[in-house]
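Heads up: the structure comes next, in structure tokens.
One-based numbering, in listed order, for ligands and for the atoms of each. Everything quoted here is computed from the prediction, not taken from an experiment.
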Amino acid sequence: MQAKNLNREEITMNNDYWVKLDRKYRAQVRKTRSIVLEKGKGVEVWDVEGKKYLDFESGQMAMATGHSHPAVLKRIREQIELLMQNSIRVLNIPRVLLSKKLSEIVPDPLAKSFFLSTGSESVEASLRLAKKYTGRFEVVSLLRGYHGRTAGSQSYTSNSRGARTGYGPLLPGSAFIPAPYCYRCAFNETLPCNLSCLSYAEDVIDRTTSGQPAAMLIEIMQGVGGTIVPPADWVRRLRQICNEREMLLIIDESLTGMGRTGKWFGFEHYGIVPDILTTSKALGQGVPVAAVITTDDIAERAVANGFDQGATHMGDSFQCAVALANIEVIERENLLAKSISMGALLKKGLEDLQTKFEIVGDVRGKGLFLGMEIIESRASRRPDPDRTIKLVTECEDRGLLLGGGIPTGGLGTNTVRLCPPLVITEEQVGIALNIIEDVLPKI
Ligand SMILES: Cc1ncc(COP(=O)(O)O)c(C=O)c1O
């Protein structure tokens, strides 16, 4: 596009120009920062004025193998020349190979997958699958959870106050149980604890549902709700609660999948396996592709019960070829190990900042899925959303893009998310920590 009276140089050199145009023509359904990005490479991105940033949000948490990875770009170019898409009534080779590859990287009994485009869509499909398999319809999910913005996925979403206001009734048959938010335990317990939250959860399930819902839908580690990592005992007991009521356990790993936490999937840290697993974002490395992965038994019985899923982009050759290339990069470059080692380095640095600065309340996470709470003081532990916004904005000015500081209530309003691409180097971790350390005393 060439705007009137402006040559290309004038256009690309100025963030402000594009921001104004955006405000004029785009419905502002989501507030944005005044940064207009033009290109990226690895962990770094550049705005149209040539300013460089370290991208600690990994795009929208999708660029696990880094921006413009040469092997992924090569595969994109090859596949564009071959075949982008086909009718869902026929097959393509990348789709078959991607489902085979996923069955190799997930633990048994997970074995079969099908594909969609987005996280919300995969959550919707997982719920439809669970309902057809069980013949039931109720679903239990966690307070503070985020599963998307379609009607079904939003019905089980409660990441912020007010997010459900004004949209009319959502799906009936939904129950919410407390999140395992140990830093602010609703039952005033400290670790190791009695898991009172799960005793309460059982009461909620048995008193507010039929007692046998179709499924329990959770993020294994809550992302938008504030980087909340559950204790192992909580996860194991939750799995038991599902088994006792014959509810399927659906784990939504839109954010935590594909190596983000140091394993292919976050649930692998806990020695349990879900009945249905969904993943998206980093699966496609910027190309929208999502997977629903389940057991042979569930896949076959649900289909026998009439389960049918259709969507225009349901495993396009292009989507699946890119996902395959991306998985190959994660394997070849040993990025699961890198997520653990770089994650440990970053976490240690943040913990050092926590000891130095009162306003750093909690540092938590696994691998390169890390969060840091900003509080008023150690004594009160009161969340400090204003300072969180200041921290994120100041870091941005100094060339570090962090997740968080969202006035609408995401990330628990006072959690800063630090999730760089898994290809990050020690030097880049150091640069980011220095910026944060420099900013913390000034906010
Ligand atoms: C855990 C989780 N599930 C689902 C979604 C929705 O994914 P999408 O925005 O691709 O629909 C998100 C998005 O952030 C997410 O974090």
Side-chain angles (χ1 to χ4, degrees), residues 29-32 56-64 115-130 139 141-160 163-164 170-171 174 176 179-181 215-230 249-261 264-267 274 276-293 311-314 316 319 322-323 326 365-371 402-404 406 408-412 415 417-419:
V29 297
R30 169 52 63 118
K31 285 203 177 72
T32 55
F56 269 48
E57 292 188 281
S58 294
Q60 188 55 37
M61 296 291 284
M63 308 306 288
F115 306 106
L116 296 144
S117 303
T118 63
S120 308
E121 222 188 343
S122 61
V123 168
E124 292 282 348
S126 71
L127 295 168
R128 297 179 76 242
L129 179 68
V139 176
S141 56
L142 294 181
L143 284 172
R144 307 181 77 87
Y146 185 86
H147 297 288
R149 282 285 181 249
T150 52
S153 60
Q154 188 175 0
S155 294
Y156 310 109
T157 286
S158 60
N159 64 295
S160 64
R164 297 160 70 98
L170 292 168
L171 293 186
S174 25
F176 289 88
Y181 189 10
M216 167 85 71
L217 167 67
I218 64 164
E219 294 160 86
I220 192 68
M221 297 171 204
Q222 291 186 319
V224 180
T227 316
I228 294 173
V229 179
L249 176 60
I250 304 175
I251 298 191
D252 171 3
E253 298 231 21
S254 171
L255 279 181
T256 47
M258 311 316 295
R260 171 58 52 200
T261 69
W264 282 111
F265 295 99
F267 71 80
I276 304 177
L277 168 68
T278 63
T279 195
S280 54
K281 292 188 184 274
L283 178 62
Q285 188 66 0
V287 171
V289 53
V292 179
I293 309 167
T312 304
H313 302 285
M314 207 185 162
D316 290 350
Q319 292 173 310
V322 177
N326 194 35
K366 279 198 194 290
L368 282 167
F369 182 72
L370 294 173
L402 295 170
I406 303 170
T408 47
L411 295 169
T415 305
R417 179 156 75 187
L418 301 102
C419 297

By chain and number, the residues contacting ligand 1 below 4.0 angstrom (heavy atoms only) are Thr118, Gly119, Ser120, Tyr146, His147, Gly148, Glu219, Asp252, Ser254, Leu255, Lys281
Nearest 0.5 Å, please: how far is OG1 in Thr227 from CD in Gln222? 10.0 Å
Considering all heavy atoms of both residues, which atom of Phe369 and which atom of Met221 are nearest to each other, and what is their separation? CE2-CB, 3.5 Å
Say whether, by atom type as modelled, one donor and one acceptor occur between the side chain of Ser158 and the main chain of Arg144 under 3.5 angstrom. yes
Can a donor-acceptor pair be found, under 3.5 Å and without considering hydrogens, that links the side chain of Asp252 to the backbone of Leu217? no
Between Ser174 and Val139 (side chain of the first, backbone of the second, donor and acceptor by atom type, cut-off under 3.5 Å), is there such a pair? no
Any side-chain to backbone donor/acceptor pair from Arg164 onto Thr157? Under 3.5 Å, distance only. yes
